[in-house]
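Not measured: the values here are computed from a predicted model. In the text below, chain A, chain B and the rest are named by the order of the sequence lines, each starting its count at 1.
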Amino acid sequence: MVESVTAKLILFGPVLTLRCSYSSTTDQALLLNEFTRLCYQRDLPRALKVMDSLQSHGLWADSATYSELIKCCLSHRSVHEGNLICRHLYYNGHQPMMFLVNVLINMYVKFNLLNDAHQLFDQMPERNVISWTTMISAYSKCKLHQKALELLVLMLRYSVRPNVYTYSSLLRACNGMFDVRMLHCGIIKEGLESDVYVRSALIDVFAKLGEPEDALSVFDEMVTGDAIVWNSIIGGFAQNSKSDVSLELFKRMKRAGFIAEQATLTSVLRACTGLALLELGMQAHVHIVKYDQDLILNNALVDMYCKCGSLDDARRVFSQMKERDVITWSTMISGLAHNGYSQEALKLFESVKSSETKPNYVTIVRVLFACSHAGLLEDGWYYFRSMKKLYGIDPVREHYGCMIDLLGKAGKLDDAVKLLNEMECEPDAVTWRTLLGSCRVQGNMVLAEYASKKVIELDPEDAGTYIVLSNIYANSQKWDSVEEIWTRMRDSGIKKEPGCSWIEVNKKIHAFIIGDDSHPQIIQVKKKLNQLIHRLIGIGYVSKTNFVLQDLEGEQMEDSLRHHSEKLALVFGLMTLPSEKVIRIRKNLRICGDCHVFCMLVSKLENRSIVIRDSIRCHHFQDGKSSCGDYG
DNA sequence: GTAGGGTTAG
């Protein structure tokens, strides 16, 4: 490493030694003065010229002056000039002060030239905590967490004590709880846990690793905080599917007198998206108007409107955006498909070509998702086969997953299996679950048994797999096998997630859970539901009894379907919302075939628009039809 | 004097 720096110096040296015109001490002092003046004026070109003359005299200015000049290089992103300064400082075996080397290392880090930074670091005769922290921070930012931790061990070996800067940098590099616990102990031992940066890093890393309780306890122990720590905790919960906690914390933040900025509002939108809270999301939109050209916020807004099933609003925000990036396009493509407009999604993707944006692998995943959601087999094959050639993107698991779904749902299970076997990466639980889903649609029990075995091997805790398999058996009246599955689930302590639907009425969220009568108006709701069912039967409604999970007969069988949570939420909506208002429901699981028919008929009978977001898509019911076509 | 924090698609 040292050799390469020396090589740079030799290359640079001889040219400059020719320009020697100053000789007396006064001249030298004047030259140094001139240099300092130019550096503080940030006049980079002239300062560099004078630097040449200094070098030919073997003169060096003071460290603060060079530090100014380097700042100037950084603000202009002038890598070449930064290199010239570095060579000058090491010219002729000169050793710059430790402080200045730290500044240089930092410069290389900011230029993303980690090797150059590390080279200077390696040849330092002495290093202080700042030298170490600069390198650790650099590796943390590049997600080279192992390297960052190695440097911590080394610095301790050199008896340099880490400080709050070191720890806050290091925490960002953690990707396992072991490292976090170890660092957390170090932080407490050194008495550094009250530092606000350390705390926000701890909160972020706990949230990132799916330990929101730990994140919250670090947050709650804090005596003083600032807006960014609030953003950390609100964002942390929003990213971990704990949107309700995130919104509660947002309320607390406002009560504490903090103003919501872009980052806060983005997380709040994400939380609204997670809970499908359109009304609240729209309220947030009002506060966002002053940041109307903030790209990240607008992206979050588009996503919120799409996932809350309000496509017109999403389209409006999208079309008014002055700047769009790959996330904007991917979000809108995905959002259209999510709401049943796959053809429009593909058209939009075609128009990405005339924009400046280059699609990335996520964009292609969303395009294939659009194809699979509408059964667009030919389009799917076209995009899948051409992605490498047209966009230079190699297919990964998610791309294969969409294709397997597309083929399987289109009845081409053999082709789906063939593609699964051809995958360059190992299929994971999600891949096999996708195939299993297709087996349910196609009623292929043999393949379903094989696929579910694979899913259970890879993800034994997932209740959904057992449920799908039990559904397949139930459809074929194989009640012994159904019973066997349920026994197996009981024995392994795996619990089925109960079906739950939520509806927002008058700024309050009402939850309806299957088998749970705790909603205060549940008796009226059920009574009204029964009346509605009778009226629907009058116009031809027949319960699709094969969606029942247990071996029940006749009346009982119909009853358990009758009380699916989305039906209860829908009836509650009919009872409480004004007739012109769209009824919007979010459900945690997929909507079942019976409820799907039920909603279509209700939309016609009651002349209502109904939007139900289930675990993978939005269904818009209007005038007896659903936006998802046959691909529910 | 030089080193550390929050936000968007999957």
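Ring centroids of A/W230 and A/F250 are separated by 6.0 Å or more, keeping the two rings apart. The distance between the ring centers of A/Y66 and A/F99 does not fall below 6.0 angstrom. If you look at A/Y139 and A/F121, their ring centroids are not closer than 6.0 Å.
Contact annotation: A/N106 does not reach the phosphate of B/dT2 (side-chain N/O to OP1 or OP2, under 4.0 Å). Look at A/K307 and you'll find a side-chain N or O under 4.0 angstrom from OP1 or OP2 of B/dG10. Remark: A/R270 is in phosphate contact with B/dT8, judged by side-chain N or O atoms under 4.0 Å from OP1 or OP2. Contact between the side-chain N/O atoms of A/Q262 and the OP1/OP2 oxygens of B/dT8 is not found at any separation under 4.0 Å.
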Please assess A/V180 against A/E211 for the test side chain to side chain contact (heavy atoms under 4.5 Å, CB included), listing each intermediate value before the final yes or no. CA-CA 11 Å; A/V180 185; A/E211 303 285 342; over 6 Å; no
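Distances from the side chain of A/I327 to the nucleotides B/dG10, B/dT8, B/dA3 place B/dT8 closest. Nearest to the side chain of A/F99, among B/dT2, B/dG4, B/dT7, sits B/dT2. You'll find that the side chain of A/V196 is closest to B/dG5, out of B/dA9, B/dG4, B/dG5. For A/V198, taking side-chain heavy atoms from C-beta onward, the closest of the listed nucleotides B/dG4, B/dT2, B/dT8 is B/dG4. Closest to the side chain of A/N360, from the set B/dA9, B/dT2, B/dA3, is B/dA9. Side-chain proximity of A/N299 to B/dT8, B/dG5, B/dG10: nearest is B/dT8. Taking only side-chain atoms of A/V362, from C-beta outward, the nucleotide of B/dA3, B/dT8, B/dG10 with the closest atom is B/dG10.
Residue A/S267 is classed as a sugar-phosphate contact, given heavy-atom separations below 4.0 Å to backbone atoms only. Within the 4.0 angstrom heavy-atom criterion, no nucleotide atom of any strand lies near A/K71. Counting any heavy atom pair closer than 4.0 Å across all strands shown, A/T134 reaches sugar-phosphate atoms only and no base atom. Heavy atoms of A/V302 sit nowhere under 4.0 angstrom from any nucleic acid atom. Looking at heavy-atom distances under 4.0 Å, A/S140 makes no contact with the nucleic acid at all. Nucleic acid contact class of A/A201 (heavy atoms, under 4.0 Å, all strands): none.
The distance between atom CG of A/D195 and atom P of B/dG4, rounded to the nearest whole Å, is 13 Å. Residue A/E398 contributes atom CD, which lies 11 Å from atom P of B/dG10 at whole-angstrom precision. Protein atom CG of A/N128 is 11 Å distant from nucleotide atom C1' of B/dG1, rounded to whole Å. In this entry the distance linking CD of A/E68 with P of B/dG1 reads 12 Å, nearest Å. Atom CG in A/L74 sits about 12 Å away from atom C1' in B/dT2, given to the nearest Å. Note: CE (A/M304) to P (B/dA9) measures 13 Å, nearest angstrom. When the P atom of B/dT7 is taken as reference, atom CG of A/L297 falls 13 Å away, rounded to whole Å. Atom C1' of nucleotide B/dG4 and atom CD1 of A/I187 are separated by 12 Å, given to the nearest angstrom.
Heavy-atom contacts from other residues, nucleotides or ligands closer than 6.0 Å to CD1 of A/I188 number more than 12.
Both tests do not hold together for A/R315 against A/F318: distance to the six-membered ring centre under 6.0 Å, angle to the ring axis within 45°.
Counting heavy atoms from C-beta on, the side chains of A/C72 and A/H76 come closer than 4.5 Å. Between A/L156 and A/P162, some side-chain heavy-atom pair lies under the 4.5 Å cut-off.
Listed by residue number, A/N163, A/V164, A/Y165, A/S168, A/S169, A/R172 are the residues of residues 146-175 of chain A with a heavy-atom contact under 4.0 Å to DNA chain B.
A donor-acceptor contact under 3.5 Å is formed by the side chain of A/S330 with the base of B/dA9.
For the side-chain contact (heavy atoms from CB on, under 4.5 Å) criterion with A/L275, the lone passing option out of A/R586, A/K307, A/R613 is A/R586.
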